Structure formats: structure tokens, C-alpha cells
Q: 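Got a structure for you, written out below as C-alpha cells; questions coming shortly.
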Amino acid sequence: MPRVAVVGGSIGGLTAGLLLRDLGCDVQIHERSRSELDARGAGIAVLDATIRYFRERSVVDPDTFCSRTGWIRYLWPDGSRRYQAEHPYRFSSWNAIYRELLRLFDPERYHLAREMTSFRQLAEGVEITFADGSHDRCDLLVAADGINSLTRETLFPAARSHYSGYVAYRGTVPEGDLRSETFDELRDAITYQVIRDSHILVYPIPGPGGTVQPGTRLSNYVWYRNVDAGEAFDRLLAGRDGQPRKVSVPPGSLADDAIEEFRATATRELAPAIAEVVTGAREPFVQAVYDIDVPAMTAGQVAILGDAAFAVRPHAAAGTAKAAADAWALADALDDAGGDVPAALKTWETTQLDLGRRLLERCREIGRRSQVDNRWDPSDPYLIFGLHEPGR
């Protein structure tokens, strides 16, 4: 089996590293950060592909780091229930899944402070250069280097990110800080509210230390709000320190006037239970919502997966699932090809390009319904989370 270098040690990179290691490849993961990664508690919905490795290749029970809900619920501004349906979901935090995957990988093969600055294709394999001047050679380079992928920019410079026209305000509140009636309303549901040109969702995620017991978890919100590209967008992402940013403002860095504005809007327009979560978050943050697609996912001995290839809007809750699915498909293709990298990449690219393009368009359509056309129908099964299609 080939020698593999994975660039990017996040959830997608770790899943790829684990699967290729299990296949018998000599795998090294290179992460540019100097310390273990930290997404500051951001909540994510957990689809089957995201936790497939735990189920099939480990003794780790996903229920130890995932919360469960049984209902989809929509509220009117006065707090009354607009719509609800039974539907099971799992939720977790980015940090919880990352750390569980990291525990399963060989620590001596997970290298921090290894930022790739360039790579070049050789007659056989790839040579990688890192910021510290060191080099590595591999038979297969797996690029899991995220939305700002150097690999993608190098191979496909015309594949630019496209701003969607809206951002996601995010934050968490300990369930123990909520009023009892608010906790009762939110504890076992993903709870939505749709307002003009906007929508918000609230769901429980593991609390500090990974606890998933109701009452000890965090209530997590994601509120999509339109912000025109230009001065207003630049000012919002500059935060309180005035630093230019393109993608996100981290917790603790939002400008005071931005916080005051969206909390006042929450109090005025959102259902009381949802508004309590929004106004109670101590360190809200903002992430701009972008699309990215690529004309190809391979070049020579290089494979690009996850957000490095297709960055999709979060509305299908499939970003981490897509990265994991890319990794599983790559391992299967390499196994079927008997370790022949070019043959494996040819097969892999065909299926994963199709999956990425279909998911990208579905997420764009959901975004249009809520943020532009105001055609969001709570009972429409098209809105159910899923990687391959709604509900799957």
C-alpha cells in the first residue's frame, strides 16, 4: 500500500488518516496549527457518515459524545408552536468529535506546526515543502486543508469562494442557565423560527467535558442573517479589534454594537425561548457563509476532499459528513485498486464529484428559500438534514 501524507488534521483529515492506516498505508498527518485544534465549542448535527468510523472500527459509543433529540419544532414569534413532527437527530460539537478521532490515531504520526507551503508532482509521487523548510515525499497526497485550501488554490486557481449574501450568528448557553419553561421547550427538539429573509435553529450539544445529560448540556443556536457584501460585511467581520477578516469573527471578538444590535433584534422578533438563548450567549461569534466548488478533485497523485473541494452551506448539516464520506470512498477505491493510486483516484473522483455537486445545489436551494424567496415550508421533507438526500 502507498505512503500517504494527509495535509490538514481536522475531522476529515483524521478520518482519512485512520481509514488509510487501517488499510495498511504508511500514513502521516500534517497539521499547520501549533496546538491541537479548537473550534470553540461550535455545534454540529451528526449524520451517519460522521460517526461511521466509531461504529464500524472502534469501541467508542457515539452516544457518549452526542446528544439526541426526537422532534423538529417551529415556533411563532409569540412562542406558540407553529409546527412539529417526530424526527430523531444527533448533535455534538466539533471539538468533541475531533478529540475522539484524535485519540484513535497514532500520536507519533500526527504532526503539529507542519504548514505546507508548496508541493510538486514527481514522476512517482509528490514532494511536500513545509514552512519550517523541511520536506516529505509520498505516493499519495490527501488534501484536507479546508475552506482556505492551498492545494485547491494551487491546482485550480479559478475555483474561488462565493459569498452567499448571509452570515451565521452563533453561540451557546448552559442549559442550567435557562428558565425551566425554556429548557422544557427546547430540551428534546431542534427548534426553528422562520422570519422574513432569515431563520434560526436551536439544539442541544454536549456540555463542558462532553456531558450529554439533559440539563448539563449547552443550548446552541445558529441564526442566518442577510448582510450585503461591502462596507457592512467588512465592518461586521472586522470585530472589535478592527482586523480585516473574510470568514469568521471568533468568540469574544464581535464588536459591542454588533452584539447590541442582534440581541435587540432577537428580543423584538424571536420567540421568547429562542430569544433567551440568543441574548444569553456570553461570547457570540459570526461565520460568513460561502460556497466553493471545484472542476476536479484529483490531479496526478493528489486527492482533495471535504471543504477543500466543496464547501457547502450548512443547511443539510452535511459538511463533516461529506468529508468523512470522501475519506471512506477513497479508502474503498484504493483497496479495490490494490493500492494503485492513479486507478483508485480515477474511480473515486467520479463518485465524489457527483455527490459534492448535488449537495452544493441542494444547500443553495434551501438557502434561497429562507434568505431570499421566503418559501420555507416547515412541513417540506426537502428540509430534513441528509448527505445524499433529505433524511439519508
Side-chain angles (χ1 to χ4, degrees), residues 1-31 46-60 62 97-98 100-111 119 124-126 128 136-146 149 151-152 294 296-310 318-356 358-359 387-388 392:
M1 285 295 171
R3 174 177 169 80
V4 179
V6 179
V7 175
S10 184
I11 291 175
L14 273 168
T15 303
L18 286 163
L19 289 166
L20 295 173
R21 178 202 66 182
D22 294 351
L23 191 61
C25 299
D26 177 4
V27 181
Q28 307 287 333
I29 296 180
H30 305 283
E31 168 53 47
V46 177
L47 303 183
D48 287 345
T50 312
I51 54 173
R52 182 181 172 187
Y53 191 87
F54 299 107
R55 285 177 159 179
E56 297 186 15
R57 300 287 180 87
S58 83
V59 296
V60 179
I97 296 174
Y98 164 75
E100 292 297 334
L101 287 170
L102 187 60
R103 289 189 183 101
L104 298 175
F105 194 72
D106 316 80
E108 68 276 8
R109 291 175 174 270
Y110 187 90
H111 309 287
F119 63 92
E124 294 185 1
V126 184
I128 307 167
D136 191 18
R137 294 182 69 164
C138 59
D139 303 307
L140 169 62
L141 170 60
V142 177
D145 47 349
S149 170
T151 316
R152 182 188 65 247
V294 288
M297 293 175 66
T298 66
Q301 308 280 92
V302 180
I304 306 177
L305 58 76
D307 285 350
F310 289 91
T320 54
K322 171 65 166 60
D326 285 343
W328 278 92
L330 180 60
D332 289 344
L334 198 58
D335 190 19
D336 291 344
D340 183 330
V341 171
L345 294 188
K346 182 178 180 180
T347 301
W348 174 77
E349 182 180 50
T350 300
T351 59
Q352 300 316 109
L353 269 177
D354 179 65
L355 175 60
R358 286 187 287 108
L359 178 62
L387 171 61
H388 300 277
R392 188 174 77 87

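By convention here, the first residue in the shown sequence is residue 1. Quick caveat: nothing in here was measured; it's all calculated off a predicted structure.
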Q: Quick one, T15 and L18 - any side-chain contact, counting heavy atoms below 4.5 Å?
A: no
Q: Looking only at heavy atoms, which two atoms of V142 and V4 are closest? And how far apart?
A: CG2-CG1, 3.8 Å
Q: Which heavy atom in L102 sits nearest to a heavy atom in L14, and how many Å separate them?
A: N-CD1, 3.8 Å
Q: Just by modelled atom types, is the A308 backbone N or O under 3.5 Å from a matching donor or acceptor in the R152 side chain?
A: yes
Q: Take L359 and F310 through the side chain to side chain contact (heavy atoms under 4.5 Å, CB included) test and state the conclusion after the steps.
A: CA-CA 9 Å; L359 178 62; F310 289 91; over 6 Å; no
Q: Please list, chain by chain and in numerical order, all residues satisfying ring-ring contact (aromatic ring centres under 6.0 Å, His included) with F105, sequence neighbours excluded.
A: none
Q: Could you report the tightest heavy-atom contact between A49 and L387, atom names first, then the distance?
A: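 So the two residues come closest at CB-CD2, 4.2 Å.
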Q: Without swapping roles, check the side chain of Y110 against the backbone of G9 for a donor-acceptor pair under 3.5 Å.
A: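 At least one qualifying donor-acceptor pair exists.
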Q: Check this for me: R57, atom CZ, are more than 12 non-hydrogen atoms of other residues, nucleotides or ligands nearer than 6.0 Å?
A: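 Yes, the 6.0 Å shell around CZ holds more than 12 heavy atoms from other groups.
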Q: Restricting to non-hydrogen atoms, name the atom on C138 and the atom on I128 that form the minimum distance, rounded to 0.1 Å.
A: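 Scanning both residues completely, I find the closest heavy atoms to be SG-CD1, 4.1 Å.
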Q: With distance as the sole test, does R21 use its side chain to make a donor-acceptor pair with the main-chain N or O of V27 at under 3.5 Å?
A: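 Looks like no, no N/O pair under 3.5 Å.
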Q: Roughly how far apart are R137 CZ and F119 CZ, rounded to 0.5 Å?
A: 15.5 Å
Q: Are D307 and K322 ion-paired here, with the side-chain N under 4.0 Å from a carboxylate O?
A: no
Q: Does some side-chain heavy atom of L104 sit less than 4.5 Å from a side-chain heavy atom of Y53?
A: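 Result yes, sub-4.5 Å side-chain heavy-atom pair found.
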Q: Is the shortest side-chain N to carboxylate O distance from R52 to D48 below 4.0 Å?
A: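 Salt bridge flag = no for D48 with R52.
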Q: Which pair of non-hydrogen atoms, one from M1 and one from G338, has the smallest distance, and what is that distance?
A: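 Distance-wise, the nearest heavy atoms are CE-C, 4.2 Å.
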Q: Any chance you could measure T151, atom OG1, to I304, atom CD1, to the nearest 0.5 Å?
A: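 Going from the OG1 atom of T151 to the CD1 atom of I304 covers 6.0 Å.
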Q: At their closest point, which heavy atom of G12 faces which heavy atom of A323, and how far apart are they?
A: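 Closest approach of G12 to A323, heavy atoms only: CA-CB, 3.8 Å.
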Q: Could you work out, with ring-ring contact (aromatic ring centres under 6.0 Å, His included) as the rule, every residue matching H388, not counting sequence neighbours?
A: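 H388 satisfies ring-ring contact (aromatic ring centres under 6.0 Å, His included) with no residue once adjacent residues are dropped.
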Q: Using side-chain heavy atoms (C-beta onward) and a distance below 4.5 Å, is L334 in contact with C25?
A: yes
Q: Taking atom CD of E56 as the centre, report whether more than 12 heavy atoms of other residues, nucleotides or ligands fall under 6.0 Å from it.
A: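 Above 12, so yes.
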Q: Would you give me the side-chain donor-acceptor pairs under 3.5 Å for residues 342-349, sequence neighbours excluded?
A:
| unit_1 | atom_1 | unit_2 | atom_2 | d |
| --- | --- | --- | --- | --- |
| T347 | OG1 | A343 | O | 3.4 |
| W348 | NE1 | D326 | O | 2.9 |
| E349 | OE1 | T298 | OG1 | 3.3 |
| E349 | OE2 | M297 | N | 2.8 |
| E349 | OE2 | T298 | N | 3.1 |
| E349 | OE2 | T298 | OG1 | 3.2 |

Q: When you measure from the side chain of S149 to the backbone of D145, do you find a donor-acceptor pair of N or O atoms at a distance under 3.5 Å?
A: no
Q: Can you find a pair of side-chain heavy atoms, one from Q28 and one from R3, that are under 4.5 Å apart?
A: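 A side-chain contact under 4.5 Å exists here.
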Q: Drop me the distance from H111's NE2 to I29's CD1, to the nearest 0.5 angstrom.
A: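 Output value for this atom pair is 9.0 Å.
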Q: Taking side chain as C-beta onward, heavy atoms only, is I97 less than 4.5 Å from L101?
A: yes
